[in-house]
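These notes concern the structure reproduced below.
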Amino acid sequence: MNSFASHYKEPAPILDKENPFESMMERFEIAAKIIGLDQGLYNYLKAPTKQVITSIPITMDNGTLEIFEGYRVIHNNVLGPSKGGIRFAPDISLDEMKALAAWMTWKCAIVNIPFGGAKGGIKCDPSLLSQAELERLTRRFTSNLLDVFGPDRDIPAPDMNTNEQTMAWIMDTYSMHSKRTETAVVTGKPSLIGGSLGRREATGRGVTSVVLGALHKLGIKPNDSIAVIQGFGNVGSVTAQALYEQGVKIVGLSDVNGAIYNSKGFNINEMIDHVERHKTLIDYQNAESITNEELLELQCDVLIPAAKEDQITSKNAKKVKCKIIAEGANGPTTAKADPILQSNGILVIPDILANAGGVTVSYFEWVQDRMGYFWTLDRVNRRLDRMMHEAFTNVYKSAEKHNVSLRIGAYIIAIEKVAQTLKLRGIYA
Ligand code: GLU
């Protein structure tokens, strides 16, 4: 085990509650103390630049009027226009948006792209909405936020329960208002309308890159290693396939309906075919059905939580039996779980590094849209691999230098970069 993981001693978290914003702030505070961040800068970086709550009236297919609540939080735009996804889910809150927006600020700084951080969403259950209702909801949300969004201001992207089609509607609505096609206002679009090749696979490809980097650091060969992946959506399935191609044995998988285990390892190409046909993993015959809790506690080398927030908490952290955790999702580990994992010698590759491949290729998409010149898939992937490798190396070095976890090492890089930029720009008054 690497030295800083085993000798790590971080102060016990101050707060007992485990909500994503508090989890983000606890890590921020630890890193801010280590670098001796000035109190004024601390206060500046803690407070989101802008928080919008907007009411979205929609005429439903049955003629009734329903009002939805939409959010967009811009955490910071010191490094450039703010960037971050839009999610559709019934349980989202402003606090969650604030945490996710701040994570985007740190993520963009770590992979060294000229963006600030933002996040948005609509409180709704997309499974209960028709395609036409989803379209009206997306368009009205976009039109309510016309003065927030913009290729030089704030650039949305897909996130939980949103996809290329949602991004196409955002692009079209914004373009109709500005009376010209404005592809760079949003990323994660279909390639026919200015999307980048490789964007859909980018997050999973980035997760794979850091997992391979961590295995190498621990002296484990990919084809001698065992992985467990929670979530089989865009991030989980692409990561599973890429690791499978590297010879990693994947013994546990899950989706929203449940989890499955096979000690011999799954053939991931077969599993992807299965999900295409059956829409779920769990009725797959050659596997034992297990619970989500059991999945997270399986003995393995690499555990990849790629589903949602707050999966590894102070309650189950001591039962986690892997060597590496690579956070494909945003915020899957709470701040209270961090010291437990650390004292058990588990190397955690934090979300703000592990899943930064998505926003990196979003940046490539924005660059291509603005140039009007589109890259080959090979160019996209090579540049992505290079940037993820550099980010992983920088975070690793920062953690070693300060004798802290990779997570705190990553926060240190991000906070230092944003704080230095802020000092250079100065405060406009
Ligand atoms: N929603 C993704 C994330 O959490 C992508 C954001 C983007 O591409 O702007 O990183």
Side-chain angles (χ1 to χ4, degrees), residues 20 24 71-77 79-89 92 96-122 148-164 166-167 170-171 183-190 194-207 209-210 231 233-236 238-239 305-309 326-332 349-369 380 384 387-388 391 410 414:
M24 188 287 293
Y71 308 88
R72 187 70 176 168
V73 172
I74 295 179
H75 170 256
N76 192 279
N77 48 16
L79 294 183
S82 51
K83 188 83 193 79
I86 304 278
R87 57 174 60 179
F88 290 175
I92 61 176
E96 182 190 7
M97 295 293 119
K98 279 164 62 184
L100 290 160
W103 280 325
M104 288 307 304
T105 303
W106 314 136
K107 212 184 280 191
C108 293
I110 288 163
V111 283
N112 215 3
I113 57 179
F115 288 142
K119 203 74 168 201
I122 303 177
V148 174
F149 295 155
D152 295 306
R153 280 196 299 260
D154 178 43
I155 308 142
D159 202 87
M160 211 178 273
N161 298 325
T162 57
N163 54 27
E164 292 191 342
T166 327
M167 300 306 117
I170 295 178
M171 187 280 249
T183 51
V185 69
V186 63
T187 60
K189 301 176 295 295
S196 176
L197 297 177
R199 172 63 186 86
R200 194 188 67 78
E201 299 82 9
T203 311
R205 193 176 171 95
V207 174
S209 157
V210 294
N234 190 26
V235 183
V238 173
T239 308
K308 50 192 246 178
E309 285 129 50
E327 297 181 336
N330 289 312
I349 311 171
D351 46 6
I352 52 176
L353 166 65
N355 70 36
V359 74
T360 301
V361 176
S362 274
Y363 167 58
F364 297 165
E365 181 169 326
W366 179 80
V367 168
Q368 293 171 76
D369 287 342
V380 169
L384 170 63
M387 285 170 72
M388 289 305 296

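When a ligand or atom number is given, it counts from 1 through the structure's own listing order.
Side-chain polar atoms of Lys189 and Ser196 form no donor-acceptor pair below 3.5 angstrom. In this model, a donor atom of one side chain and an acceptor atom of the other lie less than 3.5 Å apart for Lys107 and Asn355.
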Tell me, with the steps shown, if Arg153 and Ser82 meet side chain to side chain donor-acceptor pair (under 3.5 Å). CA-CA 6 Å; Arg153 280 196 299 260; Ser82 51; over 6 Å; no
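Judged as a salt bridge (Lys or Arg N to Asp or Glu O under 4.0 Å), and not counting sequence neighbours, the contacts of Lys98 are Asp95. For Ala102, the side-chain contact (heavy atoms from CB on, under 4.5 Å) test picks out Met24, His75, Trp106, with sequence neighbours left out.
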List below, pair by pair, the N or O atoms of ligand 1 and of the protein that are less than 3.5 Å apart, including the distance to 0.1 Å; reply 'none' if no pair qualifies.
{"residue": "ligand 1", "atom": "1 (N)", "partner": "Pro158", "partner atom": "O", "Å": "3.0"}
{"residue": "ligand 1", "atom": "1 (N)", "partner": "Asp159", "partner atom": "OD1", "Å": "2.7"}
{"residue": "ligand 1", "atom": "4 (O)", "partner": "Lys107", "partner atom": "NZ", "Å": "3.1"}
{"residue": "ligand 1", "atom": "4 (O)", "partner": "Lys119", "partner atom": "NZ", "Å": "3.0"}
{"residue": "ligand 1", "atom": "4 (O)", "partner": "Asn330", "partner atom": "ND2", "Å": "3.1"}
{"residue": "ligand 1", "atom": "8 (O)", "partner": "Arg199", "partner atom": "NH2", "Å": "3.1"}
{"residue": "ligand 1", "atom": "8 (O)", "partner": "Ser362", "partner atom": "OG", "Å": "2.5"}
{"residue": "ligand 1", "atom": "9 (O)", "partner": "Lys83", "partner atom": "NZ", "Å": "2.8"}
{"residue": "ligand 1", "atom": "10 (O)", "partner": "Lys107", "partner atom": "NZ", "Å": "2.7"}

All N/O donor-acceptor pairs, side-chain side in residues 108-122, below 3.5 Å, sequence neighbours left out:
{"residue": "Asn112", "atom": "OD1", "partner": "Lys417", "partner atom": "NZ", "Å": "2.4"}
{"residue": "Lys119", "atom": "NZ", "partner": "Asp159", "partner atom": "OD1", "Å": "2.8"}

